[in-house]
Amino acid sequence: MNRRTVTALVVNDLRQLARNPRVLVFAVALPLVLWPLMWFLTSLTTERRQERIEGRTYTYAVADDTAGVAADDGARAWLERALGVVGDDGRADGTEATDGPAVRFERIEAPDDVAAALDEERLHVHVAWEAGSGEDLPAPRIVLSHRADLDASDSAEGFLRRALERTRTEVREQRLADAGFDSPPEDLLPLERIETASEEQTSGLLLGRLLTAIIVMMMLAGGSIVATDALAGEKERGTLETLLTTAASRVEIVTAKNLSILAVAFATSVLNIVNIVVWMQLDLIAPPAGLTLVIPVGAGLLLLLLYAPAAVLLSSSLLLVSGRSKTYKEAQLLFAPVMLVAMAVAAIPVLPGVELRSAIVLLPIANLGVAAREILTGQYDWPLLAAAWAVTGGAAALLARASLRTLSAEKLITASELDDADLAGGPALFPRRVGRWFAVLWALLLVWQLNIGGGIDSRLLITINLSVFGVAAWLMIVRYRLPIRETLSLRAPAPGAWLGVLIGAPAGLVLADGVVRLASLAMPIPEAWIEAMAENMGAGLPLWQMLIFFSLMPGIFEEIAFRGVLLHGLRNRLTTLQLVLVAGIAFGFFHVDLFRIPPTSLLGILLVVTVIRSGSIFPAMAWHALHNALALGSARVEQIALPEQPTWWHYVLALLAVLLALQLMKRKARAAFS
Amino acid sequence: MSTVQVEVQGLSKNFFDPSRGEVRAVQEVNFECRGSEIFGLLGANGAGKTTTLRMISTVLQPTAGTARVLGHDVVSDPVEVRRNLGFYSASTALYPRLTARETLTLFARVNKYPAERTRSRVEEMIERFGLGDYAGARIEKLSSGMKQKVSIARTVVHDPPVLIFDEPTVGLDVLNALDLQKAIQELRADGKAILFSTHIMSEAERLCDRIAIIDKGRIRACDDLEGLRAATSQHYLEDIFVHYVTGEDTTA
């Protein structure tokens, strides 16, 4: 990549922006003034409204027949006392004189038509008495009538109601005292709160919940200013073709566009933050209670590093949308859903109970948001921080690659929207679509996992296997007219493959155990998780049902989906090594439980190799079913998920056995899979 | 004789369109272009001229065949190909908020022109194309004639040995079109290999050293004007064109 070329392109983009006064005013300058101004005006309006409410005299009336209703003396006393408070000192809400300005009430004659009087605001609140009768209303009660849509009436009702509630408390306490309970009720079983979190931690939690959402919002708002013009604007103007015929490579162009978006997003974010801080320093706006904007230098630098891939991810998303849009306006329109999705994900740290050490680490941006929250409360889970960074960084790289592809798409230049695969549809189009299908499936599973927690049970497995994998695989086969026999590798394997399964499945289980132990060095598995796994796998249903749900069904449906449809879709786009790794690890990621990803990725890799070498899906099905049955059996027998600590030679033997098993799969493989 | 700068062999391009199905925009096109030569692609709208030139400029990928610019393959070495050519067409626009000088500097840089010579080269282009009084003005403020001069200067600022002009006079008035033709002739005199596409017979007749008549994606004839006249017994290029495209003689 030529730095001079990239610099020239970035300078050009920024120069275009700097010379567009309309964009600068509406997208940069105006928000700087408008947002704080709106904030300021809102608080000003609230203050003014409060002053108006408290400075006026409210009218109330008591229904004429109230006095004639037979009621017990205590209830009547309650009403009269509350009304007395209102009438005597004008402080209807029962506050002390030092609490704020007084609220004045004036009692008027009860009108004949209460509704009309309320409508005309001659009367703000009407008080009536309803006698108690029967089981539904054993004691008499007071009925307040008001107009909730009229400010004065609504406020009057609020003040009067609070006066009544306060008086009721006083009456109740008086009755308790009369009955011989002479200490104040609040002295009974007093509660005391002790806050063990430091002030920084409390404030950090508040800031950590909001920080990612604020940064994402600012980055998107700032980045979109350049992104709309970056490709869609250039396309519409005709300058993109000029650019594409220069010696600048596509990588240089995309890099420059991303850098321009990032530069403007960063600059506008800094401007906005400085702007808000200045307004706060001038006491024109107030930060949320308990929030301090002081971040320790070390944590600040770490956050900066942490947010870097998120920034690239956002800029690449915007660039991708811009590249896929035909016009400037279309790009602006398509930014809205991107922003919605990004904001929804960035708001996840606000949710209570979401920890980085969970499936959330797999969700780009959200993982960094949760990580930021934990950092600001003083928790540094380094392996998980690295994992979150890598996941979001990986997603950013994928999106950057996708935006690069938009520059190679011929529809950028030609009138033709489609290429041969689009036209042919069916099997030719499937390799291009398979990634999207499985991405949607994964997103569904992730949402499910986040909602139902980490446990697995038979219901979950049935639904996943039948509904998600089974139906999705069937839909893909039908939608793309995939040849079933070839797609699912429905061929008889070499006889040795079955021996390979018998050797490979138990050995693979031991290797998976080794992978779990290895991974647990970086990500210690909580005891609660092990217990939950053991409980889920070892109890609940009879053994034969457990074997069906945990062994047979995954062996069939997951194999159809992953070693059938997914493998078929990817095999012509990747080298054999890439295919094994991508399809295998994808299988691991579909077990969205963080601690199950390493061993299931290993299983996925072994099963992909099995299908490639045997040319048949059947040994993989048998291996998968046997693997799960053995895992289930060990859990039932031992009642724990992990067996006794094997020694290193167990793992070496297991590795050799797996290699032997894979060797036995050979033969028809090459011919069948070529 | 000058060396071959552009070499095209069996170049083909298929598009797919939902309503029309497979469209064979270009079919097995062969030609070559040498230095100090203007090679014309003459054809009606939709004949395949622009698609051919876009494949040579690496904007589109060929379905089959090869094209080389100074020996660099358009598929395997696209950046080197583009570094050695300048592409001008009615659809290649300029950045409206840059000045003429900034435009030329930008394109010299992105085309990897040596950094130490960029400034002098830009001033040379400004001088050559008479942009001196307007070099500091934004493109959006310039007349269409001046914009056209900046566009040509932008195309040649990195001094490429090969130039592509794809229907460059579309939308220009007569005087601007003549100015452009004059500039192209001067560039030929500088030793450039020039690929020139047009559907205007008089332009091709006036400018081109050799002409390829292209129809429905195929080259029907390729020779200099005298050779085409001799082969068809027609004097005017218009008649020659009709002869090859429709198979009819208009002089009968």
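Computed from heavy atoms alone, side chains included, the values below leave out hydrogens, waters and symmetry copies. Below, chain A is the first sequence line, B the second, and so on; all start at residue 1.
Here the side chains of B:Val59 and A:Thr245 are in contact, with some heavy-atom distance below 4.5 Å. Considering only heavy atoms from C-beta on, B:Leu94 stays 4.5 Å or farther from A:Arg237 through its side chain. Considering only heavy atoms from C-beta on, B:Leu98 comes within 4.5 Å of A:Arg15 through its side chain.
Counted within 6.0 Å of CD on B:Glu186, heavy atoms from surrounding residues, nucleotides or ligands total more than 12; the atom is thus considered enclosed. Sparse packing is recorded around CZ of A:Phe266, with 12 or fewer heavy atoms of other residues, nucleotides or ligands lying under 6.0 Å away. Atom CZ of A:Arg401 is surrounded by 12 or fewer heavy atoms from other residues, nucleotides or ligands within 6.0 Å. Other residues, nucleotides and ligands contribute only 12 or fewer heavy atoms inside 6.0 Å of the OH atom of B:Tyr134.
Note: B:Arg109 CZ to A:Asn2 CG = 11.5 Å, rounded to the nearest 0.5 Å.
Looking only at distances, no side-chain donor or acceptor of B:Arg97 sits under 3.5 Å from a matching main-chain atom of A:Leu17. B:Asn111 places no side-chain N or O within donor-acceptor distance of the main-chain N or O of A:Thr246, the cut-off being under 3.5 Å. Looking only at distances, no side-chain donor or acceptor of B:Lys112 sits under 3.5 Å from a matching main-chain atom of A:Thr5. With hydrogens and angles disregarded, a donor-acceptor distance shorter than 3.5 Å links the side chain of A:Thr242 to the backbone of B:Ala93.
The part of B:Phe107 that comes within reach of chain A is its side chain, from C-beta onward, which places non-hydrogen atoms under 4.5 angstrom from that chain. Neither the backbone nor the side chain of B:Ala25 comes within less than 4.5 Å of any heavy atom in chain A.
Taking all atoms of both residues into account, the shortest heavy-atom contact from B:Val79 to A:Ala247 is CG1-O, 3.3 Å. The heavy-atom pair separating B:Val110 from A:Ala8 by the smallest distance is CG1-CB, 4.3 Å.
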Inset, instruction - With side-chain contact (heavy atoms from CB on, under 4.5 Å) as the test, would you mind laying out the steps for A:Leu243 and B:Tyr95 before giving the verdict? - result: CA-CA 10 Å; A:Leu243 204 56; B:Tyr95 292 100; 3.7 Å; yes
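In this structure, a donor-acceptor pair under 3.5 Å is present between the side chains of B:Thr118 and A:Arg4.
A salt bridge does not link A:Arg19 with B:Glu140: every distance from a Lys NZ or Arg NE/NH1/NH2 to an Asp or Glu carboxylate oxygen is 4.0 Å or more.
Between chain A and the options B:Leu106, B:Thr58, B:Ile164, heavy-atom pairs under 4.5 Å are most frequent for B:Leu106. For the options B:Arg83, B:Arg154, B:Glu102, heavy-atom pairs under 4.5 Å to chain A are most numerous at B:Glu102.
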